[in-house]
**Q** 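Before anything else, here's the structure in question.
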Amino acid sequence: MAILEAAAHDGVGVSSFVSLGDKADVSGNDLLAYWHDDPATQAVALYLESFGNPRRFATVARAIGRRKPVLAVKSGRHAAADGTVDALFRQAGVIRTDTLGELLDTARILVDQPLPVGGRLAVVGNARGLNVLAADTAAAAGLTLTAFGAATTDRLRRLVPDGQDNGNPVDLGTAATAESMAGAVRLAADSGEADLLVVTFVATRTNDGAAALRAVAAAADAVPDLPVAVVAVGVPDTPAALGRRRVPVYRLPEPAVHALGRAVRYAAWQREPLGGRPALSGVDAPAAREIVGRALRGGGWQPAGVARQLLRAYGIPVLEAHRADGTAAAVAVAASLGYPVALKAADPGQRTDRAIQLGLADEAAVRHACHLIGAALGEDDPAVVVQRMAAPGVELFAGITHDPLFGSLVTVGLGGPAELRGDPVLRLLPVTDRDAATMWRSLRGASLLASHRGDAAADTEALEDLLLRLGRLAEDLPEVAELALEPVLAGKSGCMVVDVRLRLSAVGSEPDPYLRDLLQRPSIDANREPNP
């Protein structure tokens, strides 16, 4: 009722309205598939409390977003999985808002205005205070105030009273006429220096509010390629929209600017190239299935050897590791591998700083390292893992986690000290080549991969290949409940997984006990337009 009342008040047309209840039969994904091809629907607005099949949602939403915007209010902002919700929405191009009011404010821009080609904002109006509020909101909305060139500034000077600012925002003064309001709109549009326009107007005893809005409407109709929003205060019977192109009218500047900012981000997502799922060489899915089938008999955390076998089945480079029970065995293994080597406690859970010894150049160093690890563990002659030293590179962690609500997620983050790690980046399945490329670029330490300590750039193509292989592994083997690759060294000659941990779990009814396999279900591919 609240949505319908607000939509009617703001002049937002409703093509169809559905309240799903418990979604025992018809799901939100079914409705998205319907609205994808519904010519009466220009945008889709969702209020979501839960997801039934998040993999299906991501695929369908990404496909419909290429045709028309999908907006959503998702409850549970403070829930633990909220970061995952944000990742799903960003990946699928869904425009998330915090409130129903923000959702409708944004829908008014996206339904009736052209998509912005950039984020340069111009503000013109007769109300200096509203102009300043609009300008102050621009940065928070992800927009930039455009700087008009000399030619546009000179033309604006003819409309601005003496003593008023003719920069951006353009203050036309409280006594601005309908003609000057329309002229400022046309100048901003004709300059080619603005991608978006906000027009503010406050009615006073010295102006004609209705005439000013009519003039603004006519001027906006003459520039149909420029997204425009109007903020009107004090005008009796203020319309919800102006002109043939239905320019939305807002009561305050902040909602208008934020709505334009969301439209800019959506338009940028829509312009991004479609991702694909490239063929991956060296993947032996039947062998991987056999490995998991055997290991599932025990379940839970798996021996390191099983985890390494699984990675090799998907062509993921992993450093050899050899267990040595005691110092003498460690010396023999190190000699067979060749120096330098690294020694670590055999139990991954015991690997503190002193229980990991790196860069051991000879037998004496190996014996001393065994002594230090034994002291750290309280053992006289501990079991250790011996590995050749890997080529240097940026330290990362990557892997797969399985969420009971969202299914399998692929993650990557910066490794090393905790103060450098930042938040990991995650993607839902399927992981495309576009997803893999944006994952490492979204890291706080992405600059380290571009240039590491003055050396040549890391092989980011190898890193993207690793993430794609993890995504394919997660798709093929939902029994992988947790796969942790840490550290992963990304160097100029490729990526190498140094350590790996694997936990398996039988697949149950998650993520949704009510999933149906409907007959004649339409096939929607996020990367391809459907048949008419």
Side-chain angles (χ1 to χ4, degrees), residues 278 280-283 304 307-322 333-334 336-344 348 351 353 356-361 365 369 385-400 410-427 431 433-473 483-502:
L280 301 174
S281 62
V283 173
R308 283 180 160 79
Q309 287 177 13
L310 187 60
L311 292 188
R312 292 191 194 99
Y314 276 84
I316 297 174
V318 56
L319 196 64
E320 291 283 354
H322 302 269
V333 172
S336 66
L337 292 176
Y339 294 100
V341 297
L343 262 63
K344 306 169 185 178
R351 290 177 185 170
D353 288 343
I356 299 176
Q357 300 293 319
L358 306 176
L360 309 176
V385 169
V386 186
Q387 292 177 294
R388 280 186 59 86
M389 286 294 295
V394 179
E395 188 173 329
L396 304 168
F397 66 88
I400 299 167
V410 175
T411 67
V412 67
L414 197 65
E419 62 271 15
L420 296 178
R421 284 177 170 254
D423 294 328
V425 175
L426 56 87
R427 292 290 186 273
V431 176
D433 51 3
R434 179 73 183 173
D435 294 328
T438 58
M439 284 181 77
W440 72 263
R441 288 185 173 89
S442 302
L443 293 173
R444 190 175 70 174
S447 59
L448 296 175
L449 294 165
S451 178
H452 182 52
R453 297 179 182 176
D455 295 336
D459 187 350
T460 53
E461 289 186 4
L463 177 56
E464 292 170 19
D465 181 73
L466 183 146
L467 296 172
L468 286 168
R469 291 175 185 275
L470 284 175
R472 194 65 53 82
L473 189 158
L483 181 63
L485 282 54
E486 187 177 7
V488 176
L489 296 179
K492 57 185 178 181
S493 59
C495 290
M496 179 61 68
V497 178
V498 178
D499 279 326
V500 56
R501 294 184 299 122
L502 170 67

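Note: hydrogens, waters and symmetry copies are ignored here, and every other heavy atom, side chains too, is used. One-based numbering along the sequence shown. Predicted, not measured: the structure shown is a model, and the values here were computed from it.
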**Q** I want to check something: taking the side chain as every heavy atom from C-beta on, are R351 and D499 in contact at a cut-off of under 4.5 Å?
**A**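 With C-beta onward as the side chain, the pair touches.
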
**Q** Determine whether V394 and V488 make a side-chain contact, defined as any pair of heavy atoms from C-beta on separated by less than 4.5 Å.
**A**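 They are not in side-chain contact.
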
**Q** Is there a side-chain contact between L396 and L449 in this structure, where contact means two heavy atoms from C-beta onward sitting under 4.5 Å apart?
**A**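 Yes, their side chains come closer than 4.5 Å.
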
**Q** Hey, are K344 and Q387 close enough side-chain-wise for a donor-acceptor pair under 3.5 Å?
**A**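 Yes, side-chain donor-acceptor contact under 3.5 Å.
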
**Q** Flag the pair T411 / M439 as yes when at least one side-chain heavy-atom distance between them is below 4.5 Å, and no otherwise.
**A**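 They are not in contact (no side-chain heavy atoms under 4.5 Å apart), so the answer is no.
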
**Q** If you look at every heavy atom in S493 and D459, which pair is closest and at what distance?
**A**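 That would be C-OD2, 4.3 Å.
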
**Q** Would you check, one step at a time, whether the test side chain to side chain contact (heavy atoms under 4.5 Å, CB included) holds for T460 with W440?
**A** CA-CA 8 Å; T460 53; W440 72 263; 3.6 Å; yes

**Q** Is a side-chain N or O of R388 found less than 3.5 angstrom from the main chain of G338, in a donor-acceptor match?
**A**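 Checked: pair present.
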
**Q** Answer whether the closest heavy-atom distance between the side chains of E320 and V386 falls below 4.5 Å.
**A**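 Counting from C-beta outward, E320 and V386 never come under 4.5 Å.
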
**Q** Out of curiosity, I316 CD1 to R308 CZ, how far, rounded to the nearest 0.5 Å?
**A**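 Interatomic distance, I316 CD1 to R308 CZ, rounded to 0.5 Å: 12.5 Å.
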
**Q** Output the distance between atom CG (L426) and atom CG (D435), rounded to the nearest 0.5 Å.
**A**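 Reported value, rounded in 0.5 Å steps: 11.0 Å.
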
**Q** Quick one, L483 and L311 - any side-chain contact, counting heavy atoms below 4.5 Å?
**A**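 Answer yes - side chains close enough.
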
**Q** Is there a donor-acceptor pair closer than 3.5 Å between any side-chain N or O of R469 and the backbone N or O of Y314?
**A**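 Between the backbone of Y314 and the side chain of R469 there is a qualifying donor-acceptor contact (under 3.5 Å).
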
**Q** Is any side-chain heavy atom of P278 closer than 4.5 Å to a side-chain heavy atom of L468?
**A**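 In short, these two side chains touch, coming nearer than 4.5 Å.
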
**Q** Do you know the tightest heavy-atom contact between V431 and L467?
**A**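 Scanning both residues completely, I find the closest heavy atoms to be CG1-O, 4.4 Å.
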
**Q** So how far is it from E395 CD to L489 CG, rounded to the nearest 0.5 Å?
**A**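 Rounded to the nearest 0.5 Å, the CD-CG separation comes out at 6.5 Å.
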
**Q** Do the non-hydrogen side-chain atoms of L358 and L360 ever get within less than 4.5 Å of each other?
**A**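 The answer is no; the side chains never approach within 4.5 Å.
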
**Q** Could you walk me through whether S442 and R427 satisfy the side chain to side chain contact (heavy atoms under 4.5 Å, CB included) test, starting with their C-alpha distance in whole Å, then the side-chain angles of each, then the deciding distance to 0.1 Å, before giving a yes or no?
**A** CA-CA 11 Å; S442 302; R427 292 290 186 273; 4.1 Å; yes

**Q** Output the distance between atom CG (L466) and atom SG (C495), rounded to the nearest 0.5 Å.
**A**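 L466 atom CG to C495 atom SG measures 6.0 Å (nearest 0.5 Å).
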
